[in-house]
J.: 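Structure incoming, see below.
We use all heavy atoms of the structure for the numbers below, so side chains are in, but hydrogens, waters and symmetry mates are not.
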Amino acid sequence: MALKTLVVGIIALAFAMAASVSGGPNAQPAVEAWLLGCPVDQATAVRFFYNPEGTNYLHGPLVLRVVPAGDPRLNTAPMTNQGRTAYVSPADMKGMLRALAHSGASWTVSSRVEPLGDIGSLIREPFPLHILAVCSRGTARAKVYPPKICSTLAPLDSALKTPRALWEFQLLRTGYKCNVPGFNWDLYPERGP
């Protein structure tokens with residue numbers, strides 16, 4: 001009888017742990033721990049993708065990628081096959097992962113490290129906002145539906161100290177019809193309206 005109780009307990013624990021990693025009712029603490037423990041190196045990336053309803057073209061994603069101090073790509077944001085890619089410092093990426101962990105978004109985590117893919121591989125759907133975080137521990141995904149997009153993204157500004165990355169992130173938010181106080185369209189004229 002004791003063995004049977006132990007086996008049932010182990011099975012229940014396994015299901016509870018699986019639910020917390022896969023987005024079940026106890027998921028947020030496990031996902032927060034995953035995001036906060038995600039190693040930050042050149043393989044770490046975060047992608048934001050949302051195609052607002054009523055648009056007749058694909059809005060490209062914004063990808064944040066890590067580069068070390070002194071890398072000439074730091075504070076740049078070229079268009080790549082994965083989307084507009086803003087290069088940030090390791091500290092910025094740590095800050096972004098921390099902010100995402102506390103964003104209140106509903107996350108699912110996989111131990112599989114998924115490639116970002118190119119723009120053409122993205123599903124064109126009007127909503128929700130898709131957030132993808134990738135590191136050597138695996139992949140975390142979140143969906144944020146339109147009523148909560150602006151309130152979810154606004155606090156993430158504080159994570160970005162790299163000027164170009166912050167500007168690109170705020171530009172992304174304006175494209176989603178979010179109010180971004182003090183946003184300066186003219187800061188990077190090649191990317192203006």
Side-chain angles (χ1 to χ4, degrees), residues 13-52 58-68 71 73 77-146 148-149 152-153 155-160 162 165 168-169 172-173 176:
L13 179 61
F15 276 113
M17 290 173 63
S20 71
V21 173
S22 65
N26 302 320
Q28 204 55 40
V31 174
E32 284 179 8
W34 187 93
L35 285 164
L36 294 172
C38 199
V40 174
D41 56 28
Q42 292 180 3
T44 309
V46 175
R47 181 181 69 203
F48 298 89
F49 173 66
Y50 173 54
N51 201 41
L58 182 69
H59 285 243
L62 175 64
V63 177
L64 302 177
R65 284 206 168 273
V66 177
V67 290
D71 189 297
R73 295 172 294 174
M79 190 64 174
T80 69
N81 65 344
Q82 295 174 338
R84 179 66 58 183
T85 302
Y87 291 97
V88 300
S89 69
D92 276 13
M93 185 60 77
K94 284 180 187 171
M96 180 56 70
L97 292 172
R98 186 172 35 258
L100 289 171
H102 298 104
S103 68
S106 179
W107 294 88
T108 57
V109 173
S110 168
S111 60
R112 182 175 169 262
V113 179
E114 296 181 32
L116 290 180
D118 62 22
I119 293 172
S121 68
L122 294 174
I123 298 170
R124 185 183 170 128
E125 52 183 279
F127 58 89
L129 164 69
H130 296 266
I131 305 173
L132 177 75
V134 179
C135 73
S136 59
R137 290 181 65 190
T139 305
R141 293 179 171 276
K143 292 181 180 180
V144 181
Y145 288 87
K148 294 191 175 199
I149 289 175
T152 300
L153 294 183
L156 304 182
D157 276 5
S158 63
L160 297 171
T162 305
E168 292 290 344
F169 186 70
L172 174 95
R173 289 174 47 220
Y176 300 160

J.: Check each of Thr44, Leu116, Val63 against Val134 using the side-chain contact (heavy atoms from CB on, under 4.5 Å) test, and report the only one that passes.
T.: Leu116

J.: Calculate, to the nearest 0.5 Å, the distance between atoms CZ and CD belonging to Arg84 and Glu168 respectively.
T.: 5.5 Å

J.: Any idea which heavy atoms bring Val113 and Ser136 closest together, and the distance?
T.: CG2-O, 3.8 Å

J.: So do Val144 and Ile131 actually touch side chain to side chain, heavy atoms under 4.5 Å?
T.: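 Touching, per the 4.5 Å side-chain cut-off.
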
J.: Using the test side chain to side chain contact (heavy atoms under 4.5 Å, CB included), find all partners of Asp157 that sit at least two apart in sequence or belong to another chain.
T.: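 In terms of side chain to side chain contact (heavy atoms under 4.5 Å, CB included), with neighbours along the sequence ignored, Asp157 is linked to Leu166, Phe169, Gln170, Arg173.
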
J.: Please enumerate all residues that pass side chain to side chain donor-acceptor pair (under 3.5 Å) together with Glu114, with sequence neighbours excluded.
T.: Arg141

J.: Not counting sequence neighbours, which residues clear side chain to side chain donor-acceptor pair (under 3.5 Å) with Arg98? List them please.
T.: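 Side chain to side chain donor-acceptor pair (under 3.5 Å) check on Arg98 returns nothing, list empty.
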
J.: Taking the side chain from Arg137 and the backbone from Pro39, do they hold a donor-acceptor pair closer than 3.5 Å?
T.: no

J.: Does Leu64 reach the side chain of Met93, with side-chain heavy atoms less than 4.5 Å apart?
T.: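 Result yes, sub-4.5 Å side-chain heavy-atom pair found.
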
J.: So, Thr139 side chain and Arg112 main chain: donor-acceptor pair closer than 3.5 Å or not?
T.: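 The answer is yes, because a donor-acceptor pair under 3.5 Å joins these two groups.
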
J.: Do Gln42 and Pro68 touch side chain to side chain, with heavy atoms closer than 4.5 Å?
T.: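 When only atoms from C-beta onward are counted, Pro68 and Gln42 do touch, with a gap below 4.5 Å.
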
J.: Hey, are Gln82 and Arg65 close enough side-chain-wise for a donor-acceptor pair under 3.5 Å?
T.: yes

J.: Got a sec, which residues hit side chain to side chain donor-acceptor pair (under 3.5 Å) with Thr85, two or more places apart in sequence or on another chain?
T.: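 Thr85 satisfies side chain to side chain donor-acceptor pair (under 3.5 Å) with Thr80 only.
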
J.: Search all heavy atoms of Ala140 against all heavy atoms of Leu35 and return the closest pair with its distance.
T.: CB-CD2, 4.2 Å

J.: For residues Ser89 and Val66, determine if any side-chain heavy atom of one lies less than 4.5 Å from a side-chain heavy atom of the other.
T.: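 Contact flag for Ser89/Val66 side chains = no.
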
J.: Quick one: does Leu97's side chain get under 4.5 Å of Val40's, heavy atoms only?
T.: yes

J.: Would you call Pro146 and Tyr50 a side-chain contact if the rule is heavy atoms closer than 4.5 Å?
T.: yes

J.: Which residues pass the side chain to side chain donor-acceptor pair (under 3.5 Å) test with Thr162, not counting sequence neighbours?
T.: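 By the side chain to side chain donor-acceptor pair (under 3.5 Å) rule, Thr162 matches Asp92.
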
J.: Tell me the closest heavy-atom pair linking Ala99 and Leu156, and the distance in Å.
T.: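 That closest heavy-atom pairing would be CB-CD2, 3.4 Å.
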
J.: Shortest non-hydrogen contact from Ala133 to Trp34?
T.: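 Heavy-atom minimum between the residues: O-CH2, 4.0 Å.
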
J.: Does Leu129 form a side chain to side chain contact (heavy atoms under 4.5 Å, CB included) with Thr152? I'd like the steps, not just the answer.
T.: CA-CA 10 Å; Leu129 164 69; Thr152 300; 5.8 Å; no

J.: How many angstroms lie between OH in Tyr176 and CZ in Phe48, if you round to the nearest 0.5 Å?
T.: 9.0 Å

J.: Mind checking the CG-CG spacing from Leu172 to Leu62? Nearest 0.5 Å is all I need.
T.: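 The distance works out to 5.5 Å.
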
J.: Determine whether Leu100 and Val46 make a side-chain contact, defined as any pair of heavy atoms from C-beta on separated by less than 4.5 Å.
T.: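 In short, these two side chains touch, coming nearer than 4.5 Å.
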
J.: Can you list the residues that meet the salt bridge (charged side-chain N to carboxylate O under 4.0 Å, His left out) rule with Asp71, with sequence neighbours excluded?
T.: Arg73

